[in-house]
Every structure is written in C-alpha cells, then in structure tokens.
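The structure under discussion appears below in the form of structure tokens.
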Amino acid sequence: MKITDHIKNAKGESLFSFEIVPPVKGQSIQKLYDNIDPLMEFKPPFIDVTTSREEYVYIDKGNGLLERKMTRMRPGTVGICAALMHKYNVDPVPHVLCGGFTREETEYVLVDCHYLGIDNVVALRGDSMKHESQFVPVKGGNNYAVDLVNQISQLNKGHFLVDTIDTPYTPDFCVGVAGYPEKHFEAPSLQSDLQRLKEKVDAGADYVVTQMFFDNNKYFDFVAAARAMGVMVPIIPGIKPIAVERHLQILPKVFSLDLPLELEKSVLDCKGDKSAIRQVGIDWAILQSKELIAAGVPTVHYYSMGKSDNIVKIAQEVF
Ligand code: FAD
C-alpha cells in the first residue's frame, strides 16, 4: 500500500515507522531481523531501507602494495525489501539514488521493485563519493533528486527510457523525497533549498521525509515555510536518538545540523557513562516524539542505524 494511503487510513493518528541500513557484505541478515523483531510490536506500516553508494576499498597485496578497488559495502537493498515483505508483511521502502547509477540501471531497479509488489520508493540524489569534493553523477545518471523523481513519474505513465509501452501493467510508485529543516549543506539558503523541494513535489513526489533534527521548532518552522511555498504533501519528521558521546561532533558535521545546548549539556553531564548517555538520547527523543504527535504529524520516523534497543524504549513510551 502507498505511504500516503497508510497516512489517510490512520485518520490523523500518528504512525510509527523507521529506517534500517543493510548489513555490511558478508554479515548475517539475522542480526538485522534481531533488531527489527522487537520493533514490530509497534506496528510500523512501512520500513525504509537505505541504499549505500559505491566506495573505494584498499586490498593489501601482501608485498607492501595496496590495490584500490571500487565496491558497494552494503548491497542488497531490494533483496532486503523483498525479505521484509515476506517475513513481516510490511511495506518496505527502498531508497533509490542518483549517485552511482545510470538512468538505465535505475530503470531496472524500479522494474524489480514493481515485480516484487513494492509500492513506494524514496528518491534521493545521494552524497558525493568520499574522494570527491562535490557530487558527480555517473555518465548517463541522474544529476539531482528532481531528475530521478521525473524518471519515476514517467515510468508510472509507462514511459520507459527508450520506449513507451502501452500496457495497463505500469507501476504506480508513491514517491518520497528528502527535506532539510536546517537546510541541505550545499544549498545557498533555506529558501532556495525549499524551492528545490517544491520542484521535487511538482515533479511528482507524494511525501517528504525530513533529515533528523533535535529541536522541534526547526521542523515546525520548516513545515510552515514549505506550506507557504505551496508544498502541501505530508512532511514526515525524522528522529534520531543520540546514542554515544561522539554524536555531539559527528551529527552536526555529517548532517549539517545544530544540537540544542541543553541536549549537549545533558550528554556531557554523563561524564562518559555510556548507558547514561544512551538514556539521555532516549529521553530527548521521547519528548520530541510526544510533542510532534501532539502537533498531529503523520508519522514519526526513526533512524535506527543498527541497534534498535533505544527505539524500542522510545516506542514503548510514545506509541
Ligand atoms: P537533492 O534534492 O537533489 O538536493 C541536493 C542539493 O542540490 C541541495 O542543496 C539542493 O538545494 C540542490 N539542488 C536540488 N536541485 C537543484 C537544481 N536543479 N539545481 C541546483 N541545485 C539543486 N543518502 C544515501 O546515500 N542513501 C540513502 O539511503 C539516503 N537516505 C536518506 C533519507 C533521508 C530521509 C534523507 C533526508 C537523506 C538521505 N540520504 C541518503 C542523504 C542524501 O542522499 C543527501 O543528503 C544528499 O546530499 C542530498 O540528497 P537529496 O535527495 O536531498 O538531493
């Protein structure tokens, strides 16, 4: 079922959903299931599955030389989506990237999703590769998320890349896109980033999922500004509980966001006590979630990034 239909069917009640990251190549999928199992009690209607970009790895040749090889460390997004449907009877939402894929390869991924009965995808540009200073699409790849949304909208009409197929069996993907309450780090201003968001929605995006934020006012202001600009689709807030002290440095750097002083102080007051820090993150996310639900958000979407014990504790208090 489409995410937008799940939201409609909930009749104003906020849903619980989360995002998972495929395991590193060679690891058992059981570890992933062990983290998902306790979350199923809270009846997520959908689970997002991220896609990772290719990256360079260096293989020790044993003679003092290193060989550089390109690989994808966390493959299997579509396979995991199929496994989740089968095991949990839930709607999986694969993330589809511009970066690292030609438009042709993207079409094949979408065709696979269609055959599997996947109704939703999140269309993203992806980040630059680690050695690149800015995002560079592969030859024949989509440049911005809006181009990918356009490709999916065209496919929904039966317009494949090289031919139009007159058939009733075209996909009808519900498309999610990313939004940034604190601005995407490359955007010259929040206003211009919002204009880019509007372009994605005008191209056919059905809903928005936000980057994580730790101050709900950032989300509320973002939604108000997006509405003022004519972005009327559901805007799903993304929440990540702080889990370790180094998140104080990593999260602002990687996701270009601010952490409230009070949250930073609470983490530092734990003086390195790991479980106390994890609890601070849980308590903060509970407060955020309760306020968001009181404001009538469609879904609270959690970034689980591996271990889910903290999300379980949050969900127990909130849902
Ligand atoms: P875009 O919407 O294309 O925007 C990228 C930048 O370009 C912005 O600064 C925007 O303002 C600007 N821009 C957009 N259109 C134009 C234009 N026409 N001309 C000039 N500038 C333009 N990354 C992954 O690798 N895998 C994932 O699974 C993944 N999942 C994510 C899920 C969510 C909910 C979010 C919020 C992010 C996720 N990301 C993921 C990270 C994302 O790929 C990066 O943030 C990336 O840098 C931007 O992606 P985007 O889709 O927002 O890009």
Side-chain angles (χ1 to χ4, degrees), residues 1-5 19 22 46 48-54 72 75-82 91-129 132 134-180 184 186-187 192-209 211 230-236:
M1 195 196 285
K2 292 183 176 193
I3 304 303
T4 43
D5 289 333
E19 173 186 290
F46 64 94
D48 276 46
V49 185
T50 63
T51 292
S52 66
R53 282 211 62 169
E54 71 282 26
R72 216 171 273 275
T77 299
V78 174
I80 289 172
C81 286
D91 275 307
V93 187
H95 290 187
V96 182
L97 300 184
C98 303
F101 295 88
T102 65
R103 284 162 55 77
E104 196 74 28
E105 287 163 344
T106 297
E107 185 168 285
Y108 301 148
V109 169
L110 293 168
V111 168
D112 284 344
C113 290
H114 180 43
Y115 287 155
L116 284 167
I118 291 172
D119 294 325
N120 306 278
V121 294
V122 171
L124 298 145
R125 188 196 68 179
D127 284 320
S128 54
M129 288 182 70
E132 289 169 347
Q134 60 180 44
F135 177 83
V136 184
V138 295
K139 196 164 173 280
N142 285 307
N143 210 341
Y144 290 107
V146 66
D147 305 320
L148 178 53
V149 175
N150 269 317
Q151 181 178 358
I152 301 167
S153 297
Q154 286 302 312
L155 196 66
N156 279 349
K157 293 181 197 142
H159 299 171
F160 288 76
L161 288 175
V162 294
D163 43 6
T164 296
I165 301 182
D166 188 13
T167 160
Y169 305 112
T170 53
D172 185 19
F173 290 115
C174 173
V175 182
V177 289
Y180 301 84
H184 183 260
E186 291 168 25
S192 90
D193 205 24
L194 275 163
Q195 185 55 46
R196 299 304 182 188
L197 178 66
K198 169 119 178 22
E199 286 165 12
K200 293 192 274 193
V201 173
D202 290 346
D206 300 286
Y207 70 100
V208 177
V209 187
Q211 185 55 278
V231 174
M232 305 319 280
V233 297
I235 301 180
I236 295 173

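Everything numeric in this text was worked out from a predicted model, so none of it was measured.
- Within the 4.5 Å cutoff, no side-chain heavy atoms of Ile3 are placed close to those of Asp119.
- The backbone N or O of Gly176 lies less than 3.5 Å from no partner atom in the side chain of Asn120, so there is not a single donor-acceptor pair.
- In this structure, Asn142 CG and Glu105 CD are separated by 11.5 Å, a value rounded to the nearest 0.5 Å.
- Here the closest non-hydrogen pair linking Ala203 and Ser153 is O-OG, 2.7 Å.
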Would Asp112 and Ile118 count as a side-chain contact (heavy atoms from CB on, under 4.5 Å) if you check the C-alpha gap in whole Å, the side-chain angles of each, and the deciding distance to 0.1 Å?
CA-CA 9 Å; Asp112 284 344; Ile118 291 172; over 6 Å; no
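- The side-chain heavy atoms of His95 and Glu19, taken from C-beta on, include a pair separated by under 4.5 Å.
- Without hydrogens or angle criteria, His159 side chain to Gln151 main chain gives no donor-acceptor distance under 3.5 Å.
- Considering SG of Cys81 and CG of Asp91, their distance stands at 10.0 Å, rounded to 0.5 Å.
- Rounded to the nearest 0.5 Å, atoms CZ (Arg103) and CG (Leu110) are 11.0 Å apart.
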Take Val208 and Leu197 through the test side-chain contact (heavy atoms from CB on, under 4.5 Å) and record every step on the way to the result.
CA-CA 9 Å; Val208 177; Leu197 178 66; 3.9 Å; yes
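- A donor-acceptor distance shorter than 3.5 angstrom exists from the side chain of Lys200 to the backbone of Ala178, with no hydrogens or angles considered.
- A donor-acceptor distance shorter than 3.5 angstrom exists from the side chain of Glu107 to the backbone of Leu161, with no hydrogens or angles considered.
- Across every non-hydrogen atom of Asp48 and Val122, the tightest pair is OD2-CG2, 3.5 Å.
- More than 12 heavy atoms of other residues, nucleotides or ligands shown are found within 6.0 angstrom of CD on Glu132.
- The backbone N or O of Val175 lies less than 3.5 Å from a partner atom in the side chain of Asp206, making a donor-acceptor pair.
- Scanning both residues, Thr50 and Thr77, for their nearest heavy atoms gives O-OG1, 2.8 Å.
- No donor-acceptor pair under 3.5 Å is formed between the side chain of Thr170 and the backbone N or O of Lys157.
- Under the side chain to side chain contact (heavy atoms under 4.5 Å, CB included) test applied with Thr106, the options Asp147, Ile152, Leu148 reduce to a single match, Leu148.
- Side chain of Arg53 to backbone of Arg72: no donor-acceptor contact under 3.5 angstrom is found.
- A distance of 10.5 Å separates OH of Tyr108 from CZ of Phe160, quoted to the nearest 0.5 Å.
- In plain terms, the two heavy atoms of Ala123 and Val149 that are nearest each other are CB-CG2, 3.9 Å.
- Side-chain atoms of Val78 and Cys113, non-hydrogen and from C-beta on, do get closer than 4.5 Å to each other.
- Although no hydrogens or angles enter the test, the distance criterion places no donor-acceptor pair under 3.5 Å between the side chain of Thr102 and the main chain of Gly140.
- Taking a cutoff of 4.0 Å between a charged side-chain nitrogen and a carboxylate oxygen, Arg125 and Glu186 qualify as a salt bridge.
- The heavy-atom pair separating Val233 from Ala205 by the smallest distance is CG1-O, 3.8 Å.
- Note that the OH atom of Tyr207 and the OG1 atom of Thr4 stand 8.5 Å from one another [nearest 0.5 Å].
- Rounded to the nearest 0.5 Å, atoms CG (Leu155) and CG (Asn150) are 12.5 Å apart.
- Scanning all heavy atoms of the two residues, the minimum distance from Phe135 to Cys98 falls at CZ-CB, 4.1 Å.
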After noting the C-alpha distance and the side-chain angles of Asn156 and Phe173, does the key distance pass the side-chain contact (heavy atoms from CB on, under 4.5 Å) rule?
CA-CA 7 Å; Asn156 279 349; Phe173 290 115; 3.7 Å; yes
